[in-house]
J.: 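Structure incoming, see below.
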Amino acid sequence: MPAVIAPPAPFPNVPRPFEGYQLAMPNSPAAAKIARDFVGTLLRTGAHSALADDARLCVSEVVANVYCHTSSQLVRVEVTVDRDQVAFHVTDDGPGPLPDPPERPDGEGGRGLLVVDGLATSWGSSTGQANTRRTNTVWFVLTPPGGQGAAHEDEPPSQGLLGQLTEEASEGLGRPPS
């Protein structure tokens, strides 16, 4: 009987160019904690565990803004992980405009986007349309210490499935990738 030569079976754990994760939840007082725990667990179990604390803080601030400043029924968090960076998109169905980050907040609140600005490699916001509803998205990118990241200039990172559902129009908020 002749020998059969076949290529080896593919390795099931070969890293893909990126991995995407999504969470959709009611816009409630518990949403920030749920998103914070989701992101923390996701990053602590992967290659970007050093980013877990910054990611938890940033996503918590942005999700809390959705709860405090919109009437959206749902908030969606999408996380895209690749070798060089982790990109986050927090989307709501709020009909209102995106908030402007305060220059120098004097009160107790209003520092959430300043926190994101200080920790993220880049961040911004956009509005879009998904089916019959308007969507607002705040996105930010975190890179490991010493990492360069792979963000594109002048545009937010790819949104994966959410990006396929929404057509984004930049509002000019945030800090573009450097």
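If you're wondering where the values come from, they're calculated on a predicted model, not measured in any experiment.
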J.: Report yes if the side chains of Met25 and Val75 come closer than 4.5 Å at any heavy-atom pair, otherwise no.
T.: yes
J.: With salt bridge (Lys or Arg N to Asp or Glu O under 4.0 Å) as the criterion, how do Arg134 and Asp92 come out once you've worked through the C-alpha distance, each side chain's angles and the decisive distance to 0.1 Å?
T.: CA-CA 9 Å; Arg134 178 182 168 177; Asp92 66 72; over 6 Å; no
J.: Find the distance between NZ (Lys33) and OG (Ser28) and round it off to the nearest 0.5 Å.
T.: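 Here the interatomic distance stands at 12.0 Å.
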J.: His89 and Trp139: which non-hydrogen atoms are nearest, and at how many Å?
T.: CD2-CB, 3.4 Å
J.: Between the side chain of Asn136 and the main-chain N/O of Thr127, is any donor-acceptor distance below 3.5 Å?
T.: no
J.: So, are Asp37 and Arg56 salt-bridged, with charged N and O less than 4.0 Å apart?
T.: yes
J.: What are the two closest heavy atoms between Thr143 and Leu51, and how far apart are they?
T.: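 Taking Thr143 first and Leu51 second, the nearest heavy atoms are O-CD2, 3.3 Å.
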J.: Give the minimum heavy-atom separation between Tyr67 and Pro29, together with the two atoms involved.
T.: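 That closest heavy-atom pairing would be OH-CG, 3.3 Å.
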J.: Angle class for the Phe88/Phe140 ring planes (parallel below 30°, perpendicular above 60°, tilted otherwise)?
T.: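 The arrangement is parallel - the two ring planes meet at less than 30°.
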J.: Roughly how far, to the nearest 0.5 Å, is SG of Cys58 from CH2 of Trp123?
T.: 10.5 Å
J.: Kindly write out the residues that satisfy salt bridge (Lys or Arg N to Asp or Glu O under 4.0 Å) with Arg36, not counting sequence neighbours, or none if the list is empty.
T.: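 Arg36: no salt bridge (Lys or Arg N to Asp or Glu O under 4.0 Å) contacts found.
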J.: Is it true that a side-chain atom of His48 and a backbone atom of Asp82 form a donor plus acceptor pair closer than 3.5 Å?
T.: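 Judged by distance alone, yes, a pair lies under 3.5 Å.
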J.: Between Thr91 and Thr135, is there a side-chain donor-acceptor contact under 3.5 Å, judged purely by atom types and distance?
T.: no
J.: State which residue, out of Asn27, Thr137, Asp93, fulfils the side chain to side chain donor-acceptor pair (under 3.5 Å) condition with Arg76.
T.: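 Per the side chain to side chain donor-acceptor pair (under 3.5 Å) rule, the option paired with Arg76 is Asp93, out of Asn27, Thr137, Asp93.
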J.: Is Thr45 reaching over with its side chain to a backbone N or O of Leu42, donor-acceptor style, under 3.5 angstrom?
T.: yes
J.: To check you understand the geometry: which heavy-atom pair defines the closest contact between Ala52 and Gly40, and what is its length?
T.: CB-O, 4.4 Å
J.: Any non-hydrogen side-chain atom of Asn65 less than 4.5 Å from a side-chain atom of Val138?
T.: no
J.: Check step by step if side-chain contact (heavy atoms from CB on, under 4.5 Å) holds for Val141 and Val86.
T.: CA-CA 6 Å; Val141 176; Val86 183; over 6 Å; no
J.: If you define the side chain from C-beta out and look only at heavy atoms, does anything of Thr80 sit under 4.5 Å from Tyr21?
T.: no
J.: If you compare all heavy atoms of Val77 against all heavy atoms of Val59, which two are closest, and at what distance to 0.1 Å?
T.: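 Looks like CG1-CG2, 4.0 Å.
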J.: Identify the two heavy atoms, one from Leu23 and one from Ala35, that lie closest to each other, and give their separation to 0.1 Å.
T.: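 The pair with the smallest heavy-atom distance is CD2-CA, 4.1 Å.
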